[in-house]
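Below is one structure, written out as C-alpha cells; the observations come after it.
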Amino acid sequence: MNLPPLHRAAALGLLAALGLGGVAGCSPADSAPRTAEVRKSAPDVSPAPSGTASATSTSTSTSTDIGWVQLMTPMNQQAVKLLTLAAERAAEPRVRAFAVRLRTGHEAELNRLRPLLTRMGLPLTDVHAGHDMPGMVTEQDMEAAHAAEGPALDRLVLARIRDHLRQSAQVSRSEITAGGRADARELARALVAAREGFLAELERLPGAVRALG
C-alpha cells in the first residue's frame, strides 16, 4: 500500500469492532486502529451557515466514519462490476432486472460516498485492494462469474450479492450508532434502508432458494 498507515488502520477499525477484522490479509493484530491518532489526523470541517445544504457536514471525522466510508466505497464499486455482468448475462429476466435496479442504486450511493471521502480529506484510492474483506465481491468472484452460464451464473450472483448486501448493512448500522459525522450517518441510514428492501426482494427471486439455501 502506498497510503499512510493510519488511513488503512482507520478503515479496518470498523471491521475490528464488529469482530470481522481477522480476514485474509487484514488482520487486526498488525493494523489495529490507533483511535486517538486517527481522530487527531482527521480534518476538521468548518461549520456551515445555518440552513445551508452542507450544515450536516460539520462534525469532525472519527475512526468509525473513516473506516466506514473507506470500506463502503470499494464494496459498492466491486458490487457494481458483478451487477453489470448480471444485468447483461443472467438467465432469468427478473434477476437481470433486479441487477439493473441495484446497480443504479449503488452508483447513486457512490455519487455520495466519493464526495464524502473528499470532504473528509481522504484519498479515493482503495485501501483494501488485494484483501478479501467480508461481503466484498472479489476478483476471484468476477472470474467465476465470467466463466459461469445460465442458472449457475444466477446462483453465483444471488449468493455473492446477498452476502454483500448483508455485510454492508451490518457495517452501516455500526456507523449509524458510533459515527461522529452527521452527513456520514445520514448516508448510512439511507444505505441500510435500501439494503433491507433489496434483500427482501432478492430472496423472492427465481432460483434464490437453491442459491441461498
Do [X] side-chain atoms and [Y] backbone N/O form a donor-acceptor pair below 3.5 Å?
{"X": "Q78", "Y": "V137", "value": "yes"}
{"X": "R112", "Y": "A108", "value": "no"}
{"X": "D154", "Y": "P151", "value": "no"}
{"X": "D65", "Y": "G180", "value": "yes"}
{"X": "R195", "Y": "A169", "value": "no"}

Say you draw a straight line from [atom1] of [X] to [atom2] of [Y]; how long is it, rounded to the nearest 0.5 Å?
{"X": "I161", "Y": "R103", "atom1": "CD1", "atom2": "CZ", "answer": "11.5 Å"}
{"X": "R89", "Y": "E149", "atom1": "CZ", "atom2": "CD", "answer": "6.0 Å"}
{"X": "H164", "Y": "M75", "atom1": "NE2", "atom2": "CE", "answer": "5.5 Å"}
{"X": "M136", "Y": "L71", "atom1": "CE", "atom2": "CG", "answer": "5.5 Å"}
{"X": "E203", "Y": "L212", "atom1": "CD", "atom2": "CG", "answer": "6.5 Å"}
{"X": "Q70", "Y": "L113", "atom1": "CD", "atom2": "CG", "answer": "11.5 Å"}

For this session: Mind running side-chain contact (heavy atoms from CB on, under 4.5 Å) on E92 and L205 for me, showing each step along the way?
Result: CA-CA 9 Å; E92 168 59 47; L205 289 172; over 6 Å; no

Connected via hydrophobic side-chain network under 4.5 Å: [X] and [Y]:
{"X": "M72", "Y": "L117", "answer": "yes"}
{"X": "I66", "Y": "L110", "answer": "yes"}
{"X": "L153", "Y": "M142", "answer": "yes"}

Exercise. In terms of ring plane angle, is the pair F98 and F198 parallel, tilted or perpendicular, where the classes change at 30° and 60°?
Worked result: perpendicular

Compare every heavy atom of [Y] with every heavy atom of [X], then report the nearest pair and how far apart it is.
{"X": "I176", "Y": "A188", "result": "CG1-CB, 3.7 Å"}
{"X": "A91", "Y": "R96", "result": "O-NH1, 3.4 Å"}
{"X": "A152", "Y": "A148", "result": "C-CB, 4.3 Å"}
{"X": "A99", "Y": "L83", "result": "CB-O, 3.6 Å"}

Could you tell me whether [X] and [Y] have a side-chain N and a carboxylate O separated by less than 4.0 Å?
{"X": "K81", "Y": "E139", "value": "yes"}
{"X": "R114", "Y": "E109", "value": "no"}
{"X": "D163", "Y": "R166", "value": "no"}

For this session: Could you check L165 against L102 for side-chain contact (heavy atoms from CB on, under 4.5 Å), going step by step and ending with a plain yes or no?
Result: CA-CA 10 Å; L165 291 172; L102 186 53; 4.2 Å; yes

For this session: Step by step, work out the side-chain contact (heavy atoms from CB on, under 4.5 Å) result for D141 and L82.
Result: CA-CA 8 Å; D141 292 332; L82 184 57; 5.6 Å; no

Exercise. Of L187, L116, T62, which meets side-chain contact (heavy atoms from CB on, under 4.5 Å) against R181?
Worked result: L116

Exercise. Do you know which of S168, S174, S63, S172 makes side chain to side chain donor-acceptor pair (under 3.5 Å) with W68?
Worked result: S172

Problem set entry | Over 12 non-hydrogen atoms of neighbours within 6.0 angstrom of CD in Q140 | yes

For this session: Please lay out, stage by stage, how H106 and Q77 fare under the test side-chain contact (heavy atoms from CB on, under 4.5 Å).
Result: CA-CA 8 Å; H106 274 46; Q77 290 169 338; over 6 Å; no

